[in-house]
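Notes follow once the structure below has been shown.
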Amino acid sequence: MQTPRKIAVVGSGLVGSLLAIYLRKAGHTVHIYDRSPDIRKIQFSGRSINLAMSNRGWKALDGVGVGDAVRAIAIPMKKRAIHLVDKLNFQNYGQEGESIDSISRGILNRKMIDLAEAAGAEFFFEHKIWDVTLENATLHIGETERGAWEDKKYDMVFGADGAFSRIRHRMQRQSMFDYSQEFLPIGYKELNIPANGDGSHKLDKNSFHIWPRGEYMLIALPNLDGSFTCTLFMPFEGENSFDSLKDRKSVEAFFEKNLPDTVDVIPKLAEDFFRNPTSTLVTMKCFPWTYEDKVALIGDASHAIVPFYGQGMNAGFEDISVLYEMIEKYGDDWKSIFSEYQKSRKQNADAIAELSYRNFLEMSSKTADENFLLQKKIEKSFSDKHPEKWIPLYSRVTFSDRPYTEALAIGDYQNAIMEEILKMENIKEIWDSEVVEKTILELLK
């Protein structure tokens with residue numbers, strides 16, 4: 001327990017809600033502000049990518065005893081189901097028993113708000129934060145940006161208000177504040193595979209489904225009600241793009257030609273396509289994340305990443321785990337807490353941003369590539385025989401809580417080794433042989 005303080009958290013999303021639970025655990029009064037209505041009282045659809053909870057996220061949830069409440073709304077996905085035009089391949093995640101968990105963003109957000117309220121946090125919905133005075137942690141709230149504002153003074157403010165954070169907007173006006181954002185020329189749109197009449201899933205429910213098509217791809221993650229949330233990732237412009245699909249006829253013809261096994265399972269394809277918005281994908285980096293001992297950024301407000309490693313939420317939750325480690329280490333010394341928190345997390349946030357961008361290339365193109373699939377088989381075989389010498393990159397990111405920086409560096413080293421292995425003569429025939437095993441061992445020395 002720390003000396004109690006009055007703390008404001010701006011943003012009632014996943015990170016803001018979990019942060020509030022941790023701050024309550026440390027003994028603080030916590031008020032959470034959000035400009036949107038209470039998500040528990042509105043329909044939430046049309047702009048969501050289902051979440052893939054993995055080790056880092058579960059560690060943070062279990063750290064305040066709410067992991068089991070969230071597991072009750074999760075579906076384990078043990079493997080990738082790779083839908084090629086003419087066949088279906090399966091690729092296991094990690095070791096036996098390892099899985100990532102599919103969770104509806106809307107359902108999880110509602111659950112997290114309930115859990116934060118149960119922990120004693122107080123929520124203020126439909127309160128628009130336009131600015132913050134950094135020096136004294138005062139929020140400025142009003143109906144409009146140029147109208148009358150009400151001031152709310154706190155001991156400390158956390159900006160958990162996402163990639164386009166108002167709290168960060170004020171921090172950016174300091175000198176020596178680094179900031180960059182980069183939009184992909186690729187957008188995304190939500191589609192839906194409904195449940196069968198009896199409530200069962202139309203596709204294997206314990207798989208992460210991918211339709212890799214190079215410059216675009218479709219993914220589908222299972223929901224508890226038997227449906228799948230699908231996300232179509234596609235360039236905004238070009239031959240196969242959102243811009244090229246202008247009417248019902250072109251959408252249906254495109255899916256029949258390129259994604260034929262989806263036609264029968266997405267009955268409201270055209271309706272969903274034109275009703276749901278086309279959203280953008282952005283990587284945002286900044287530094288510093290804190291101002292003295294008064295204000296701190298956390299989650300997407302400090303490091304927004306593209307969703308292709310399923311680590312956005314997990315990385316945000318890990319921010320909280322690390323912040324709490326610093327709280328336990330430094331007690332009431334918030335300057336040291338903030339300084340060590342941002343120092344530890346910044347380099348790891350940059351590493352997972354790079355890995356997430358690379359994983360789009362893997363998911364959209366390489367999962368359909370024979371050499372890539374062979375590489376994965378060789379890695380899996382070698383890792384099973386020598387688990388102490390080779391943990392695959394995906395497992396380092398997803399099934400451990402080792403630093404992302406370490407995963408990136410070792411992953412590059414391992415990939416260089418695999419490039420040499422794939423050059424071996426007759427590698428397709430000898431991939432599981434003793435000679436390949438010995439060669440990898442030699443290259444690892």
Side-chain angles (χ1 to χ4, degrees), residues 1-11 15-16 18-30 56 59-60 63-64 131-139 153-163 165-180 284-305 311 314-354 401-409:
M1 297 285 284
Q2 294 176 294
T3 299
R5 298 201 178 194
K6 186 180 176 184
I7 300 176
V9 176
V10 180
V15 170
L18 182 60
L19 174 62
I21 298 172
Y22 269 87
L23 293 173
R24 286 292 301 144
K25 179 181 178 181
H28 304 294
T29 297
V30 183
R56 299 168 199 272
K59 178 182 176 182
V64 279
D131 206 349
V132 58
T133 300
L134 301 175
E135 292 78 11
N136 58 15
T138 298
L139 296 178
K153 189 178 184 312
Y154 287 88
D155 296 318
M156 196 177 302
V157 169
F158 282 91
D161 47 342
S165 166
R166 295 296 302 192
I167 304 303
R168 190 189 66 245
H169 186 254
R170 164 53 62 187
M171 293 178 70
Q172 285 172 226
R173 289 180 246 177
Q174 304 173 78
S175 63
M176 304 295 286
F177 189 95
D178 293 327
Y179 172 79
S180 69
M284 189 283 301
K285 298 178 181 179
C286 69
F287 199 79
W289 296 359
T290 65
Y291 181 86
E292 296 181 352
D293 59 352
K294 293 294 183 183
V295 180
L297 302 173
I298 197 162
D300 281 358
S302 50
H303 54 79
I305 61 175
Q311 287 294 303
N314 290 288
F317 281 5
E318 190 172 60
D319 288 348
I320 300 169
S321 295
V322 171
L323 178 73
Y324 198 74
E325 287 173 15
M326 301 308 166
I327 286 173
E328 292 183 314
K329 181 176 180 180
Y330 292 107
D332 286 332
D333 182 0
W334 278 98
K335 281 191 176 179
S336 294
I337 291 168
F338 280 179
S339 176
E340 291 300 308
Y341 152 71
Q342 68 177 1
K343 200 180 299 179
S344 168
R345 293 305 291 159
K346 169 60 177 169
Q347 58 185 335
N348 286 295
D350 288 349
I352 192 56
E354 172 64 20
D401 59 4
R402 297 290 302 163
Y404 288 127
T405 50
E406 180 180 286
L408 178 60

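Start at 1 with the first residue, then count along the sequence.
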Would you call the rings of F158 and F338 parallel, tilted or perpendicular, taking 30° and 60° as the class edges?
perpendicular
Practice prompt. Evaluate the criterion side chain to side chain contact (heavy atoms under 4.5 Å, CB included) for residue pair T138 and Y154; output intermediate values, then yes/no.
Written response: CA-CA 6 Å; T138 298; Y154 287 88; over 6 Å; no
- request: Could you tell me whether R170 sits above the aromatic face of Y291, with NZ or CZ closer than 6.0 angstrom to the six-membered ring centre and within 45 degrees of the axis?
  value: no
Rounded to the nearest 0.5 angstrom, the NZ-OG1 distance for K346 and T405 is 13.0 Å
In this structure, CD of E292 is separated from CD of E135 (nearest 0.5 Å) by 7.5 Å
Distance col, row E340:CD vs M326:CE, nearest 0.5 angstrom, shows 5.5 Å
| query | Does a donor on one side chain and an acceptor on the other come within less than 3.5 Å for T290 and Q342? | reply | yes
Fill in: NZ/NE/NH1/NH2 to OD/OE distance under 4.0 Å, E318 and R345
yes
Keeping the roles fixed (side chain from K285, backbone from A353), state whether a donor-acceptor pair exists under 3.5 Å. no
Closest non-hydrogen contact found for T3 with H28 is O-CE1, 3.3 Å
In this structure, CG of D300 is separated from CE of M284 (nearest 0.5 Å) by 7.5 Å
Is there a donor-acceptor pair under 3.5 Å between the side chain of Y324 and the backbone N or O of A60? no
Correct closest heavy-atom pair for L139 and A8 would be CD1-CB, 3.8 Å
Quiz item: Are the side chain of D161 and the backbone N or O of R166 linked by a donor-acceptor pair below 3.5 Å?
Solution: yes
All heavy atoms of S336 vs all of D333, minimum pair found to be OG-OD2, 2.6 Å
Heavy-atom closest pair (G27 atom, P4 atom, distance to 0.1 Å) is O-CB, 3.4 Å
For A160 and V15, the nearest pair of non-hydrogen atoms, with its separation, is CB-CG1, 4.5 Å
When rounded to the nearest 0.5 Å, the distance separating CG of L408 from CD1 of I352 is 9.0 Å
TODO: Give a yes or no on whether the backbone of A301 and the side-chain of R168 come within a donor-acceptor separation of less than 3.5 Å.
DONE: yes
Regarding D293 and K335, does a basic nitrogen lie under 4.0 Å from an acidic carboxylate oxygen?
no
Tell me if the CZ atom of R402 is crowded by more than 12 foreign heavy atoms within 6.0 Å. no
Note to self: Is the shortest side-chain heavy-atom distance between D131 and T133 below 4.5 Å?
What the structure shows: no
dist F287:CZ -> M171:CE (nearest 0.5 Å) comes out at 9.5 Å
H303 versus D319, side-chain donor and acceptor atoms under 3.5 Å
yes
Determine whether a donor-acceptor pair (N or O, by modelled atom type, separation under 3.5 Å) exists between the side chain of S302 and the backbone of G299. yes
With a 4.5 Å heavy-atom cut-off, do T29 and D155 have their side chains touching?
no
**Message:** Using side-chain heavy atoms (C-beta onward) and a distance below 4.5 Å, is L19 in contact with L323?
**Reply:** yes
